[in-house]
Amino acid sequence: MIAARLIGVREFSYAALVKRYFDVELAKGSQKANWAERPLSKKMAEYAINDTRYLLRLAQLLEKELETLGRIDWFRQSCQRALEQAAIDRERDLDEAWRISGAGALRGPASAVLRELWNWREKEAEAADRPPFHILQNRELLYSAERFAHGETPDYKHFSDRRRRAFREAAGRGLNVPEKDWPVRPRRFGTRPSAEGSQSKRTEKLRQNRDQAAKELHIEASFIAPRATLEAIAADPSRADALLVRWQREMLRITEDGGQAPEVGK
């Protein structure tokens with residue numbers, strides 16, 4: 001939760017915040033229950049009610065604390081960026097969406113099969129009005145892609161005959177993809193050896209500014225900017241506006257032109 005992290009709360013799950021501000025332990029027994037079932041059991045209904053019971057009061061308390069700390073504008077900036085990023089994520093290239101965690105380890109036909117299986121799962125989930133992992137979990141997609149690429153035919157007992165047939169047809173389409181059309185790993189842009197030294201120095205300076213600000217504000221350093229973001233800005237200062245909101249850039253002492261503001265007294 002953005003507000004809690006800006007305040008400096010380290011445990012910011014909903015249950016942890018309810019415990020912190022209301023001294024109430026929320027039961028977790030129904031977290032992994034099948035919420036598609038109807039009617040809901042009494043226990044599940046109570047869980048759902050408790051999961052929202054404290055939201056409004058919690059939001060009011062967090063907002064008041066942000067105002068006291070003078071960080072309410074930081075909160076608004078961060079929320080706006082989160083909304084913008086969510087819109088970008090929804091519109092991301094579908095040709096890349098299939099690259100689930102672990103996909104980068106697959107090569108050749110296995111990668112092509114994974115892409116087809118992912119697209120098959122999306123259609124099945126949409127038709128059944130279920131989350132994709134209810135059809136087949138990611139680890140099983142990866143396993144199946146590898147097995148099909150090695151000439152095997154993985155199977156799942158919970159598949160209906162129709163779903164099993166569609167599953168195998170999707171794998172067949174992947175196996176029939178010509179080699180020239182096999183997915184390739186996204187290109188990683190590196191830096192020239194001659195530039196690595198100065199980039200490393202810029203990264204270290206940004207890290208020092210970040211860590212000092214985090215210590216003074218009593219918030220997590222990674223919330224100001226994770227290491228990967230520091231490295232990206234050090235490599236290309238023009239990306240600062242795209243990667244960070246205004247308050248984060250100020251904490252890193254990044255000027256409008258992407259440079260570094262001088263320290264006080266220097």
Side-chain angles (χ1 to χ4, degrees), residues 1 13-16 26-52 82 85-189 226 228:
M1 184 180 288
S13 68
Y14 179 64
L26 293 180
K28 300 180 181 180
S30 298
Q31 273 186 327
K32 297 183 179 179
N34 183 3
W35 288 89
E37 291 182 357
R38 291 294 183 273
L40 295 177
S41 67
K42 182 179 179 181
K43 180 180 179 181
M44 292 171 68
E46 184 178 354
Y47 175 89
I49 292 170
N50 282 334
D51 212 28
T52 59
Q85 190 59 50
I88 292 172
D89 288 344
R90 285 195 298 270
E91 297 170 2
R92 66 178 176 160
D93 188 353
L94 289 178
D95 190 46
E96 296 299 315
W98 63 272
R99 295 184 188 275
I100 58 179
S101 178
L106 301 184
R107 296 291 184 273
S111 190
V113 171
L114 175 64
R115 181 172 59 187
E116 291 298 328
L117 292 180
W118 187 91
N119 287 321
W120 159 81
R121 186 182 68 170
E122 290 295 298
K123 292 176 182 176
E124 288 285 326
E126 183 177 356
D129 194 23
R130 291 289 186 273
F133 71 85
H134 278 191
I135 307 300
L136 202 63
Q137 294 188 0
N138 282 352
R139 66 173 182 271
E140 297 299 337
L141 280 186
L142 294 166
Y143 170 81
S144 295
E146 288 188 302
R147 298 283 63 80
F148 276 121
H150 283 86
E152 301 173 24
T153 306
D155 193 17
Y156 297 91
K157 293 181 180 180
H158 67 282
F159 281 1
S160 64
D161 290 342
R162 183 206 59 78
R163 182 167 289 174
R164 182 175 293 106
R165 184 168 58 254
F167 174 66
R168 293 174 180 175
E169 288 173 355
R173 290 193 296 273
L175 291 171
N176 288 325
V177 171
E179 183 174 351
K180 65 181 181 65
D181 294 328
W182 286 348
V184 295
R185 299 183 69 183
R187 182 181 175 187
R188 294 181 180 275
F189 295 92

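The structure displayed is predicted, hence computed values, not measured ones.
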Between the CG atom in L141 and the CZ atom in F133, the distance rounded to the nearest 0.5 Å is 13.0 Å
query: Less than 4.5 Å apart, any side-chain heavy atom of I135 and any of E140?
result: no
All heavy atoms of R115 vs all of V177, minimum pair found to be NH2-CG1, 4.2 Å
**Asked** Is the number of heavy atoms from other residues, nucleotides or ligands within 6.0 Å of NE2 (H150) greater than 12?
**Response** no
### Task
Look at atom CG of D129 and say whether more than 12 heavy atoms of other residues, nucleotides or ligands are closer to it than 6.0 Å.
no
### Task
For the residue pair L136 and E124, establish whether any side-chain heavy-atom pair is separated by less than 4.5 Å.
no
Count the heavy atoms of every other residue, nucleotide or ligand shown that sit under 6.0 Å from CD of E152, and state whether that count exceeds 12.
yes
A110 and E146 have their tightest heavy-atom pair at CB-CA, 4.4 Å
In this structure, CG of D161 is separated from CZ of R165 (nearest 0.5 Å) by 7.0 Å
Expected output: side-chain W98 to main-chain L114 donor-acceptor under 3.5 Å: no
Output for pair (L142 CG, I100 CD1), nearest 0.5 Å, gives 4.0 Å
Assess whether ring pair (Phe, Tyr, Trp, His ring centres under 6.0 Å) is satisfied between W120 and F159, documenting all intermediate values.
CA-CA 13 Å; W120 159 81; F159 281 1; 5.7 Å; yes
Scanning both residues in full, the closest heavy-atom pair of L106 with A145 reads CD1-CB, 4.1 Å
Worksheet item: Does R107 CZ have over 12 foreign heavy atoms under 6.0 Å away?
Response: yes
Note: A170 and L117 closest approach over all heavy atoms is CB-CD2, 4.1 Å
To the nearest 0.5 Å, atom CG of D181 lies from atom CG of N176 at 12.0 Å
Closest non-hydrogen atoms of Y47 and A27, given as atom of the first, atom of the second and distance, are CE1-O, 3.0 Å
| said: Strictly distance-based, threshold 3.5 Å: is any side-chain N or O of S111 a donor or acceptor partner for the main-chain N or O of G108? | reply: no
Worksheet item: Donor-acceptor pair, R38 side chain versus W35 backbone, under 3.5 Å?
Response: yes
| request: Would you mind reporting whether D155 and F167 have side-chain heavy atoms less than 4.5 Å apart? | output: no
Nearest heavy-atom contact between L40 and A45 is CB-N, 4.5 Å
Between the CZ atom in R163 and the CZ atom in R121, the distance rounded to the nearest 0.5 Å is 11.5 Å
